[in-house]
There are 2 protein chains.
Amino acid sequence: MVVNSIAGRLSSVGFSTYEAKAYVALLKENPLTAYELAKSSGIPTSKIYEVLTRLTEKKVVSSLGDEGTPRYIPMEADEFIERFRNGMESNLKALREDLSSLPGKAAVSYIWNILDHGYLIEKAHRTILDARKTLLVSIWKEELASLDVFFRRAEEKGVRIAMVHFGVPAVRIGQVYPHPIEETLYKEKGGRGLVIVADSETALMATVYANQRVEGAWSINKGFVTLAEDYIKHDVYIMKVVRRFNKELIEKFGPRYEHMRDVYEDKEIA
Amino acid sequence: MVVNSIAGRLSSVGFSTYEAKAYVALLKENPLTAYELAKSSGIPTSKIYEVLTRLTEKKVVSSLGDEGTPRYIPMEADEFIERFRNGMESNLKALREDLSSLPGKAAVSYIWNILDHGYLIEKAHRTILDARKTLLVSIWKEELASLDVFFRRAEEKGVRIAMVHFGVPAVRIGQVYPHPIEETLYKEKGGRGLVIVADSETALMATVYANQRVEGAWSINKGFVTLAEDYIKHDVYIMKVVRRFNKELIEKFGPRYEHMRDVYEDKEIA
DNA sequence: TATTATTATCTACCATGGTAGTGAATAGCA
DNA sequence: TGCTATTCACTACCATGGTAGATAATAATA
């Protein structure tokens with residue numbers, strides 16, 4: 001669904017390849033007769049007429065000239081785009097109402113699998129922006145690079161953020177707890193982890209492997225969320241302890257979850 | 001391109017009819033196995049699997065359950081719509097850049113034909129909102145009903161509006177010059193006229209016939225614009241003269257265009 | 001002037017890919 | 001045996017792309 005060529009983009013607004021070619025060629029030079037357009041666009045002259053009728057019906061080109069052979073002009077690109085957007089916008093609005101008015105029986109409280117990187121980032125992005133109060137994050141710099149804007153925005157909204165960051169943190173968002181053992185971990189798991197918990201309600205967790213392959217899940221399932229939350233809190237706890245005591249002492253500590261209540265209150269950057 | 005059914009709306013976001021049925025059915029009740037979904041949606045069981053694969057690829061449904069027969073859940077409608085909108089938005093943005101960066105040779109300064117009512121209103125709407133300084137309008141109540149919001153918005157932006165209105169004006173926008181001879185004119189021309197001139201730069205003129213049939217044109221062609229402008233100014237002039245003098249006197253007046261300079265400055269509502 | 005090219009418009013036909021629609025084969029399982 | 005579950009095979013349709021002509025009207029030229 002994501003396209004990059006100009007033709008691809010036009011096709012996603014309902015143009016066939018010929019229609020796209022014709023429109024683009026017309027924008028480059030106009031007015032043109034059908035025949036001229038066929039030549040300059042590379043569309044077979046035999047096809048140009050039906051293509052032009054289609055485009056005319058879509059009101060993307062218009063013909064001028066009553067006498068003799070008609071010449072064609074394109075609608076200005078901006079205007080066309082605006083028009084399409086308006087149509088789409090109202091369509092989506094109606095669709096939203098339609099779909100939300102369905103007598104849905106079940107709340108979607110299941111676990112949602114995430115298997116590709118683009119989608120992972122998108123889902124993460126949405127999770128971050130949906131957070132109202134708190135965000136617990138465990139992240140590597142690669143993913144943070146794609147997500148820091150959203151974290152900033154959340155922060156501005158007053159969302160409290162605690163972040164375990166693997167490797168040297170390039171940015172400073174909320175409470176950051178740098179996690180030192182980057183390479184070891186990567187080798188061990190074969191990939192980078194990403195965990196985000198928003199408002200203790202929704203959780204996203206995933207592992208990103210070398211070739212951008214992703215295995216992850218998103219859920220509002222209570223058990224899942226708690227698991228993810230504890231996972232991060234545990235790391236935060238460890239980081240704090242490491243800060244304050246030497247290694248010998250750490251060994252005497254078990255993970256004591258009572259100490260984690262104040263994750264958000266901790267003013268020190270570890 | 002304008003659709004109203006829920007299926008039609010979904011199809012305009014890239015769903016086939018089966019995909020639409022499946023998604024809607026899944027929203028109503030989930031999770032469901034493929035087989036159950038086939039039953040509740042009316043899709044042939046033989047087709048349900050490929051449909052589900054397609055939907056899964058689109059990330060609109062997700063399967064859960066590793067052991068046994070998988071169950072399917074839909075993405076929440078809002079999320080799906082948001083996602084689609086984002087994609088489309090960025091697509092349109094890119095498209096706008098692509099298209100505007102084309103080495104366009106000619107300014108679109110031609111006359112654009114308008115043959116249907118919906119498009120007429122849309123074009124009028126855009127013309128009104130694009131106006132920066134002045135709007136000269138000749139309009140009947142039917143069209144004004146569809147357009148008054150836009151006139152108000154233009155007025156708020158500080159656009160000066162002078163309007164010849166056929167029949168008793170229901171709303172008051174800018175300078176309104178009511179035109180009395182409604183029925184006579186309608187019979188004579190067989191339809192209602194609509195003329196809009198924005199900033200002396202763009203003009204829209206059209207006649208709307210009984211069955212919503214429309215014949216009209218839009219242009220930035222200088223001659224066309226001047227014509228439309230004078231047409232309205234002429235009417236305004238007549239209206240003013242009629243106001244001030246009795247009929248005998250009017251006959252001695254020819255249309256004197258010098259008097260029209262102050263159309264916008266005239267503070268009286270005729 | 002006759003004839004040959006070129007331009008211009010339009011119809012017809014075919015191949016393809018995608019989807020809808022139908023039927024049926026297979027298999028597990030209660 | 002009947003229900004669930006899954007896959008195959010095949011037909012039909014439609015929009016699109018692609019290729020060939022059928023006509024005319026001009027323009028070029030012998």
Side-chain angles (χ1 to χ4, degrees), chain A residues 1-3 5-26 29-73 84, chain B residues 1-3 5-26 29-58 60-73:
Chain A
M1 194 153 264
V2 180
V3 280
S5 68
I6 198 168
R9 293 214 184 85
L10 279 170
S11 102
S12 78
V13 271
F15 280 56
S16 75
T17 49
Y18 278 178
E19 287 167 355
K21 278 187 191 172
Y23 184 54
V24 168
L26 251 195
E29 186 179 1
N30 66 72
L32 289 179
T33 67
Y35 191 80
E36 289 164 345
L37 177 60
K39 287 300 161 65
S40 77
S41 64
I43 298 168
T45 63
S46 50
K47 282 281 142 149
I48 202 65
Y49 300 94
E50 62 178 279
V51 168
L52 276 172
T53 354
R54 258 142 54 191
L55 287 175
T56 308
E57 276 160 11
K58 281 186 189 157
K59 307 215 188 319
V60 186
V61 308
S62 178
S63 65
L64 51 118
D66 272 335
E67 79 303 328
T69 70
R71 299 179 164 270
Y72 296 87
I73 53 169
F84 182 86
Chain B
M1 194 154 263
V2 180
V3 280
S5 67
I6 198 169
R9 294 215 183 83
L10 279 170
S11 102
S12 77
V13 273
F15 281 55
S16 74
T17 49
Y18 278 175
E19 286 167 355
K21 278 186 192 173
Y23 183 54
V24 169
L26 251 195
E29 187 178 0
N30 65 72
L32 290 178
T33 67
Y35 192 80
E36 289 164 345
L37 177 60
K39 288 302 161 63
S40 77
S41 64
I43 297 167
T45 63
S46 51
K47 282 287 144 119
I48 201 63
Y49 298 95
E50 62 181 275
V51 168
L52 276 172
T53 342
R54 258 142 53 190
L55 287 175
T56 309
E57 277 161 8
K58 282 186 189 157
V60 186
V61 307
S62 178
S63 64
L64 49 119
D66 273 335
E67 80 301 327
T69 70
R71 300 179 165 267
Y72 295 87
I73 55 170

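In this text the structure is predicted, and so the values were computed from the model without any measurement.
For the atom pair OH (B:Y35) and OG1 (B:T45), the distance works out to 6.0 Å, reported to the nearest 0.5 Å. Annotation: the span from A:L26 atom CG to A:R71 atom CZ amounts to 11.5 Å, rounded to 0.5 Å. Separation of atoms OG (B:S63) and CD1 (B:I73) is listed at 8.5 Å; rounding is to 0.5 Å.
A:T17 is not listed as a side-chain neighbour of A:L10, based on a closest heavy-atom distance of 4.5 Å or more.
Within the cation-pi definition used here (under 6.0 Å to the ring centroid, within 45° of the axis), A:K58 qualifies as a partner of A:F15.
With sequence neighbours excluded, the residues forming a side chain to side chain contact (heavy atoms under 4.5 Å, CB included) with A:S40 are A:A25, A:L32, A:L37, listed by chain and number.
Distance NZ (A:K39) to P (C:dA8): 7 Å, rounded to an integer number of Å. Between A:L52 atom CG and C:dC10 atom P there is a gap of 10 Å when expressed in whole angstrom units. If you measure from atom CD of B:E19 to atom P of C:dA20, you get 7 Å, rounded to the nearest angstrom. The distance between atom CG of A:L37 and atom C1' of C:dA8, rounded to the nearest whole Å, is 13 Å.
Proximity of B:R54 to the phosphate of C:dA20: a side-chain N or O atom is located under 4.0 Å from OP1 or OP2.
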- In 5'-to-3' order, the base (B), backbone-only (S) or no-contact (-) status of each nucleotide in nucleotides 21-30 of chain C, using a 4.0 angstrom heavy-atom cut-off, is BBB-------

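Under a 3.5 Å cut-off, the side chain of A:K21 and the backbone N or O of A:A38 do not form any donor-acceptor pair. Of the possible polar contacts, none joining the B:E50 side chain to the B:K47 backbone as a donor-acceptor pair under 3.5 Å is found.
A nucleotide of DNA chain D counts as in contact with chain B when one of its atoms lies under 4.0 Å from a heavy atom; the first and last such, 5' to 3', are D:dT4 to D:dC8.
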